[in-house]
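The structure presented is a predicted model; accordingly, all values stated were derived computationally and were not measured.
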Amino acid sequence: MTVIVNPAGPPAAASPETTRATLRRNFWRGVWRVLRRKPSRMAGVVIVALFALMGVAGPLLYPAQLPRDDNALYAPPSLAHPFGTDFEGTDVLALVITGARYVLLTGLATAVITVALGTVIGLIAGFHRGRWDTVLMRLTDMNLAIPGLPLLLVLSTVWKFESPLEMGLVLGVLGWGGIARAVRSQTLSLRERGFIEAARGLGLPTRHIVGRELLPSMAPYIAMNMLIAVTGAVYAQVGLFFLGVLPFESNNWGVMLNLAVFNGGALTTPAALPYLMAPLIAILLLTLGIVLIVDAMDEIFNPRLREE
């Protein structure tokens with residue numbers, strides 16, 4: 001038998017930086033493969049990117065006070081006004097674009113606060129169990145039992161909600177209970193897995209086990225909940241403005257819906273119908289984009305779906 005000896009010696013082990021870079025490249029290649037597999041998922045990414053661009057750059061395209069045309073009240077859709085005009089002769093498309101920033105910022109702030117509070121409380125309760133679990137879950141039950149709409153009615157008498165961050169803060173503080181419950185259940189399941197037991201056996205500190213072992217395993221679940229929380233926040237704030245619960249201190253899609261229905265009579269007269277449909281189409285498209293991205297994320301982070 002002939003033995004071949006490599007004169008250069010055994011191959012050198014890859015450095016941690018090289019290994020991490022390879023993992024990152026493989027991950028993004030997998031993401032690209034999943035997106036290409038279904039064009040609808042790519043469409044979802046494009047839709048959400050367009051709305052993000054609308055929220056960031058949209059208000060910069062128009063003056064702070066949108067121009068009005070007293071001779072074109074409730075004008076029908078045309079090349080100059082693709083969605084017509086409102087009761088003041090203002091272009092409805094401009095209102096949708098400039099109103100997107102408040103809606104998107106509120107949705108993002110709500111999702112971040114909701115997911116951060118829910119994840120921290122659910123992780124601590126599920127990992128430590130015992131007294132921590134009891135106290136935190138009773139706190140979660142209290143959060144779930146808070147009547148959101150009556151509380152917002154009371155708050156709206158003293159709080160104008162001029163900033164989307166203020167609105168997001170209130171909705172986020174009121175809405176973390178469901179995610180805390182779900183994260184606790186996931187944590188209770190994961191803490192009995194072998195890799196967590198091995199980490200405990202090695203004597204690793206709790207901070208390392210939760211931050212390096214438990215949290216990365218739950219990251220896909222948390223990311224998907226964050227996207228879903230954005231849609232919930234959009235529905236909540238638009239619904240509150242539509243009902244007139246909150247004062248109209250800023251332009252957003254909920255205010256447009258309220259004015260179209262209660263001032264313009266969009267449900268009884270066709271003249272104001274484009275004014276009503278424009279924000280509804282925007283909400284529908286945004287929700288569709290997020291749902292398509294969640295579908296892609298489900299396959300990216302679920303090995304069983306990838307194998308199929």
Quiz item: When rounded to the nearest 0.5 angstrom, what distance separates CG in Leu240 from CG in Asn258?
Solution: 11.5 Å

Practice problem: Would you check, one step at a time, whether the test side chain to side chain contact (heavy atoms under 4.5 Å, CB included) holds for Leu66 with Asp91? | Solution: CA-CA 8 Å; Leu66 292 176; Asp91 184 53; over 6 Å; no

Exercise. Specify the closest pair of heavy atoms between Tyr221 and Ala182, including all atoms of both residues, with the distance to one decimal.
Key: OH-CB, 2.9 Å

Practice problem: Drop me the distance from Arg101's CZ to Met54's CE, to the nearest 0.5 angstrom. | Solution: 12.5 Å

Quiz prompt | Heavy-atom check, side chain of Arg138 versus side chain of Thr134, under 4.5 Å | solution = yes

Quiz prompt | By salt bridge (Lys or Arg N to Asp or Glu O under 4.0 Å) - contacts of Arg131 (at least two apart) | solution = none

Quiz item: Transitively linked via ILVMFWY side-chain contacts under 4.5 Å: Val170 with Val112?
Solution: no

Self-check item: Residue pair Val96 / Ala282: nearest heavy atoms and the distance that separates them
Solution: CG1-CB, 4.1 Å

Below 3.5 Å, can you tabulate the donor-acceptor pairs from side chains in residues 227-238 to any protein atom, sequence neighbours excluded?
unit_1, atom_1, unit_2, atom_2, d
Thr231, OG1, Ile228, O, 2.5
Tyr235, OH, Thr287, OG1, 3.1
Gln237, NE2, Val103, O, 2.9

Quiz item: Going by heavy atoms in the side chains, are Leu286 and Ile47 under 4.5 Å from each other?
Solution: no

Self-check item: Chi angles and distances behind the side chain to side chain contact (heavy atoms under 4.5 Å, CB included) call for Leu139, Asn143
Solution: CA-CA 6 Å; Leu139 188 64; Asn143 178 268; over 6 Å; no

Quiz item: So, for Gly168 and Thr110, which heavy atoms are closest and what is the spacing to 0.1 Å?
Solution: CA-OG1, 3.2 Å

Quiz item: Do Met137 and Val210 share a hydrophobic cluster (ILVMFWY, side-chain heavy atoms under 4.5 Å, transitive)?
Solution: no

Practice problem: To the nearest 0.5 angstrom, please state how far the CD1 atom of Ile293 sits from the CG atom of Leu288. | Solution: 10.0 Å

Quiz item: If two hydrophobic side chains count as joined below 4.5 Å and joins carry through other members, does Leu95 share a cluster with Leu60?
Solution: no

Quiz item: Do Phe241 and Asn252 have side chains that get closer than 4.5 Å, going by heavy atoms?
Solution: yes

Quiz item: Got a second to check how far Asp295's CG is from Leu292's CG, nearest 0.5 Å?
Solution: 7.0 Å

Quiz item: Would Phe83 end up clustered with Leu285 when hydrophobic side chains under 4.5 Å apart are linked, directly or stepwise?
Solution: yes

Quiz item: Taking C-beta and beyond as the side chain, do Trp176 and Thr140 meet within less than 4.5 Å on heavy atoms?
Solution: yes

Would you tabulate the side-chain donor-acceptor contacts of residues 116-128 under 3.5 Å, counting partners in other chains and residues two or more places apart, or write 'none'?
unit_1, atom_1, unit_2, atom_2, d
Thr119, OG1, Val115, O, 2.6

Quiz item: Could you state the interatomic distance from CG (Leu174) to CG (Leu169), rounded to the nearest 0.5 Å?
Solution: 9.0 Å

Exercise. Could you tell me whether the side chain of Ile222 reaches within less than 4.5 Å of the side chain of Met226, counting heavy atoms only?
Key: no

Quiz prompt | Hphob cluster co-occupancy, Ile113 + Leu215, side-chain heavy atoms under 4.5 angstrom | solution = no

Quiz prompt | Rounded distance (nearest 0.5 Å) linking atom CG of Asp69 with atom NE2 of His81 | solution = 6.5 Å

Quiz prompt | Side-chain heavy atoms of Val92 within contact of Pro82, under 4.5 Å | solution = no

Quiz item: Can you tell me if Thr90 uses its side chain to pair, donor with acceptor, with the backbone of Asp86 under 3.5 Å?
Solution: no

Practice problem: Quick one: closest heavy-atom pair of Pro164 and Thr106, and the distance? | Solution: CB-OG1, 3.2 Å

Practice problem: Anything under 30° is parallel, anything over 60° is perpendicular, the rest tilted; go ahead and classify Tyr74 against Phe87. | Solution: tilted

Self-check item: Glu88: partners by salt bridge (Lys or Arg N to Asp or Glu O under 4.0 Å), with sequence neighbours left out
Solution: Arg68

Which donor-acceptor pairs under 3.5 Å do the side chains of residues 262-281 make with protein atoms, sequence neighbours left out?
unit_1, atom_1, unit_2, atom_2, d
Thr268, OG1, Gly265, O, 3.1
Thr269, OG1, Gly264, O, 3.4
Thr269, OG1, Gly265, O, 2.8

Exercise. For the pair Arg129 and Leu188, evaluate side chain to side chain contact (heavy atoms under 4.5 Å, CB included) and give the outcome as yes or no after the intermediate values.
Key: CA-CA 9 Å; Arg129 303 181 67 177; Leu188 287 174; 3.8 Å; yes

Practice problem: Can you see which heavy atom on Met224 is nearest to which on Val294, and at what distance? | Solution: SD-O, 4.0 Å

Quiz prompt | 4.5 Å side-chain heavy-atom contact, Leu136 and Arg184 | solution = no

Self-check item: Partners meeting salt bridge (Lys or Arg N to Asp or Glu O under 4.0 Å) with Arg181 (sequence neighbours left out)
Solution: Asp141

